[in-house]
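Just so you know, these numbers use all the heavy atoms, side chains as well, and skip hydrogens, waters and symmetry mates. Because the structure is a prediction, the values reported are computed rather than measured.
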Amino acid sequence: MPNFVDVALPVPLRQRFSYLLPDEFIDHAKIGSRVSVPFGNQHRVGIILNITPFCELDESKIKPITELLDQRPLLPESLAKLCDWAAKYYFTSHGQMLSQAIPVALRKGGESEFEGQVEYCITVLGNEIELSTLKRSPAQKKLLAALKISALSPAEFNELSLSKSALKALTEKGWVEAKQRTTEFNLRWRQSLVLGETPHKLNAEQAVAVSTLTQQSGFNTSLIEGVTGSGKTEVYLSVIEHILKQSKQALVLVPEIGLTPQTIGRFRRRFDVQVSVIHSGLTDKQRLIAWQQAREGEAAIIIGTRSALFTPMKYPGIIILDEEHDSSFKQQEGVGYHARDLAVMRGSLEDIPVVLGSATPSLESLNNALSKRYQHLELTNRAGAAQKVRQGIIDIRDQPLKAGLSTALINEIRIHLDAGNQVLLFLNRRGYAPALLCHECGHLHECDRCDAFFTLHQALGEIRCHHCGNQYAIPRQCHQCGSTMLAGQGIGTEQLEQTLQQLFPKYPVVRIDRDSTRRKGSLESHLNAIHKGEYKILVGTQMLAKGHHFPDVTLVGMLDVDGALFSADFRAPERFGQLYTQVSGRAGRATKAGTVLLQTHQADNPILREILHKGYAEFSRNQLEERKQALLPPAWNMVLVKAEAHNPIDADTLLNEFANRLPQNEQCEVIGPMPAPMDKKAGKFRRHLMFQTQSRPLMQKVFEQALAEVEQLPIAKKCRWHVDRDPQDLI
Ligand code: ADP
Ligand code: ZN
Ligand code: ZN
């Protein structure tokens, strides 16, 4: 009797595919192994979901698999289940969810088994050889000298620029040999854990958090709400120590921008174990190695960004998500998912604790903590001897501004600089000016493909659209009236930097935004120079607000507060509260008091007042109440269907097909179809449909059904569309 396999393939179709399993593979094929299969006129790598002697389809039409790529399942059962759950929850294809969960090298069909790491060692014979006998061959002498100190991995061999032919010669003499590094060696951390440094003595709040977290076993989720600098990382390190001592691994997830050498260094300094790092800057090969080390249990600690959530652990111990409110944990493009929500699910599947930490928790996590679904741990004091931040509002109504800077702010900057300190100015718009204006006719130059103005980039001599990448040389004449009187309208970081340099010629300025840090390693080198005090004035966008500590900064100025307060997005106040709190957390440390100043035309704005006077903790709790009253997330569940097409009618038609299939009553709300806040982008018209309901099971059932039907309609192929569950971004 023939055998068949059901395979998940990385294609958008939400279904499994059947293939014939030739006899030669029967003994080795396992659920969870990869196979290469014919698909259309190509080959695809898929994952076996089921092996069965039955097939409902016409057997003669079923093609055999081409190759079996793994002898054992690629992912542990918990992760396979997680992907299955995630595909259903996010209404996407199981195959795509699985595929993005594994390293790129494996998606392409690469070898999954650990190539036992080779190491070059000196032999007993080689150890007795005097270096002076190799005077005539300096390359051999250099190699032998190096090996007398320690064995070398091939990577270290290359780093030291040692000679391959010398290696060959010494191996032939029997003085050097290549040995497989043993797994026992790499797993020695499980026998005895060595600390690389003595931990700080925990303060009372930290001690309570650590003992609570270490006294429980099995799955549970905790939220650590701890002000910036309250020693959350120190708590993680203590808890991890406890986990490692039980011979279990720790997975630590951090936001994109937070994965700095300083962060990784803190973990490496504390524990003498393999810390594997997983992020998007690695080559496919490096990523695969880190993944394998985690899977084999050799990496005691795995630190990574969003996608590292799917890293298998042989001895799962704990998942920690730092800065849990950060929006980079949500994957927006392609297969969407939220790493925070999946981390909690994974914790429950692996029966291990999950710890979420932030100074400014998301309202989702706060809601879970306040309703006792999560354990709530608070750290209210700064750990080091830090001083309280002074804060103030500068009312700029009717005030003269110089590149967006009020006289009051300029004066304050001068005082801090003259005192020998650093100043950080925060403006969330890169480029020279956010628009190009004609002084004669008032025309604002708009992208021909989007509903957006061109940003003026003076240094590049270009105008650019930040939404579609469209770019042109700066026009000499107005597109509408032909006048040559064109000038930037509004202020961007490039202009702010220039103006500050003119105002304070003695104090070097550095700008940190996506334009100034495009080159690999340039963010690092800028940050290093800032820490060394080479720059006195720091200008930056959001990038500068997150995760970096600047002990010599005593003044933080926020310039575009108004822009942040007025947004169509219901999350705008929450985001502003987080940003403000994070930014002010950068100011002042140990011995120096910090000041934060906000420039605004809305000095009486209640949101602004509340966040300043009451702080994030109280502000966020009030926000949560407002969300509940407005039936918005996290009180209600939300799905956003986004459609785009050259002809807006196609997008509307598709969304109406959804709308007609979704219930509208006290429990369910359907909003739209309506134009997206940015109606046109990259030449396409964009439409949104929102579906909200309080009940999760209802959401799942109703939307799944509508989706299955709409997918089959011809209109579904006429425009691009995308389902975003728990959307973070409504633009
Ligand atoms: P967070 O992660 O909450 O921002 P960190 O763990 O980075 O806080 O701690 C902030 C600073 O305080 C660090 O320099 C850290 O070394 C120090 N620190 C943390 N806990 C203690 C402690 N118990 N005693 C002394 N210093 C501490
Ligand atoms: Zn004009
Ligand atoms: Zn554009």
Side-chain angles (χ1 to χ4, degrees), residues 332-333 401 403-404 427-499 511 513-516 518 541-542 559-569 572 575 601-602 640 642-652 655 672-689 719-722 727 729-731:
Q332 308 273 14
E333 305 295 321
L401 297 177
L427 176 64
N428 215 13
R429 284 166 181 273
R430 63 196 171 89
Y432 188 84
L436 183 67
L437 174 77
C438 170
H439 193 55
E440 260 185 271
C441 77
H443 178 66
L444 283 164
H445 290 69
E446 208 168 314
C447 175
D448 34 344
R449 306 177 64 216
C450 304
D451 250 353
F453 298 125
F454 277 116
T455 298
L456 177 61
H457 285 259
Q458 198 83 278
L460 296 169
E462 285 175 353
I463 51 174
R464 291 184 169 216
C465 172
H466 286 183
H467 303 281
C468 72
N470 209 357
Q471 64 197 59
Y472 298 100
I474 298 173
R476 286 171 204 279
Q477 290 183 313
C478 171
H479 286 173
Q480 187 160 286
C481 74
S483 159
T484 54
M485 292 174 68
L486 297 180
Q489 169 70 16
I491 312 294
T493 47
E494 192 183 319
Q495 189 176 164
L496 180 61
E497 176 192 19
Q498 211 177 65
T499 306
R511 169 166 59 94
D513 57 23
R514 261 205 288 149
D515 297 318
S516 74
R518 229 171 268 280
T541 56
Q542 194 118 278
L559 271 60
D560 62 348
V561 174
D562 296 348
L565 286 173
F566 295 98
S567 161
D569 198 324
R575 295 248 168 79
H601 289 94
Q602 298 283 322
L640 177 64
K642 304 176 176 183
E644 55 178 49
H646 288 292
N647 183 350
I649 294 173
D650 288 340
D652 281 333
L655 294 182
M674 59 194 165
M678 190 189 287
D679 193 10
K680 196 175 137 204
K681 185 172 166 182
K684 287 187 171 168
F685 290 91
R686 307 160 78 232
R687 295 289 192 263
H688 283 178
L689 179 78
C719 55
R720 274 181 56 149
W721 53 281
H722 178 76
D729 180 3
L730 302 188
I731 306 299

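Expressed to the nearest 0.5 Å, how far SG of Cys450 lies from CZ of Arg686 amounts to 8.5 Å. Taken to the nearest 0.5 Å, the CG atom of Leu456 stands 10.5 Å off from the CD atom of Glu462. Within the model, atoms NZ of Lys642 and CG of Asp729 stand 5.5 Å from one another, a figure rounded to the nearest 0.5 Å. The CG atom of Leu436 sits 12.5 Å away from atom CD of Glu446, with the distance rounded to the nearest 0.5 Å. We find the CG-CE distance between Asp679 and Met674 to be 12.0 Å, quoted to the nearest 0.5 Å.
Of all non-hydrogen atoms in Lys680 and Asp448, the two that sit nearest each other are NZ-O, 3.2 Å. What you find for Ala473 and Ile463 is that their closest heavy atoms are O-CG1, 4.2 Å. Heavy atoms only, all atoms of each residue included: Glu494 and Ala459 are closest at OE2-N, 2.7 Å. Considering all non-hydrogen atoms of both residues, Leu689 and Pro673 come closest at CD1-N, 3.6 Å. Cys719 and Ala651 get closest at one heavy-atom pair: SG-CA, 4.2 Å. Heavy atoms only, all atoms of each residue included: Arg575 and Asp569 are closest at NH1-OD2, 4.1 Å.
Within 6.0 Å of CZ in Arg464 there are more than 12 heavy atoms belonging to other residues, nucleotides or ligands. No more than 12 heavy atoms of other residues, nucleotides or ligands lie within 6.0 Å of NE2 in His439, so this atom counts as exposed by the packing criterion.
A donor-acceptor pair under 3.5 Å is formed between the side chain of Gln495 and the backbone N or O of Tyr432. Counting only distance, with no hydrogens or angles, the side chain of Asp562 and the backbone of His601 share a donor-acceptor pair below 3.5 Å. In this structure a side-chain-to-backbone donor-acceptor pair under 3.5 Å is missing from Asn470 to Cys465.
Within the 4.5 Å cutoff, the side chain of Arg687 has heavy atoms near those of the Pro675 side chain. Looking only at side-chain heavy atoms (C-beta outward), Phe685 and Ile649 stay at 4.5 Å or farther from each other. Between His688 and Pro677, some side-chain heavy-atom pair lies under the 4.5 Å cut-off. You'll find the side chain of Ile491 stays beyond 4.5 Å of the side chain of Leu559, heavy atoms only. At least one side-chain heavy atom of Ile474 sits less than 4.5 Å from a side-chain heavy atom of Gln458. You'll find the side chain of Gln602 stays beyond 4.5 Å of the side chain of Val561, heavy atoms only. Within the 4.5 Å cutoff, the side chain of His467 has heavy atoms near those of the Met678 side chain.
Tested against Leu486 for a side chain to side chain contact (heavy atoms under 4.5 Å, CB included), the candidates His445, Arg476, Gln477 yield a single pass: His445. Each of Asp515, Thr493, Thr455 was compared with Arg430 under the side chain to side chain donor-acceptor pair (under 3.5 Å) criterion, and only Asp515 meets it.
In this structure, His479 and His443 have tilted ring planes: the angle between them lies in the 30° to 60° band.
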Test side-chain contact (heavy atoms from CB on, under 4.5 Å) applied to His457 and Gln471, step by step: CA-CA 10 Å; His457 285 259; Gln471 64 197 59; over 6 Å; no

side-chain contact (heavy atoms from CB on, under 4.5 Å) assessment of Thr484 paired with Glu440: CA-CA 9 Å; Thr484 54; Glu440 260 185 271; over 6 Å; no

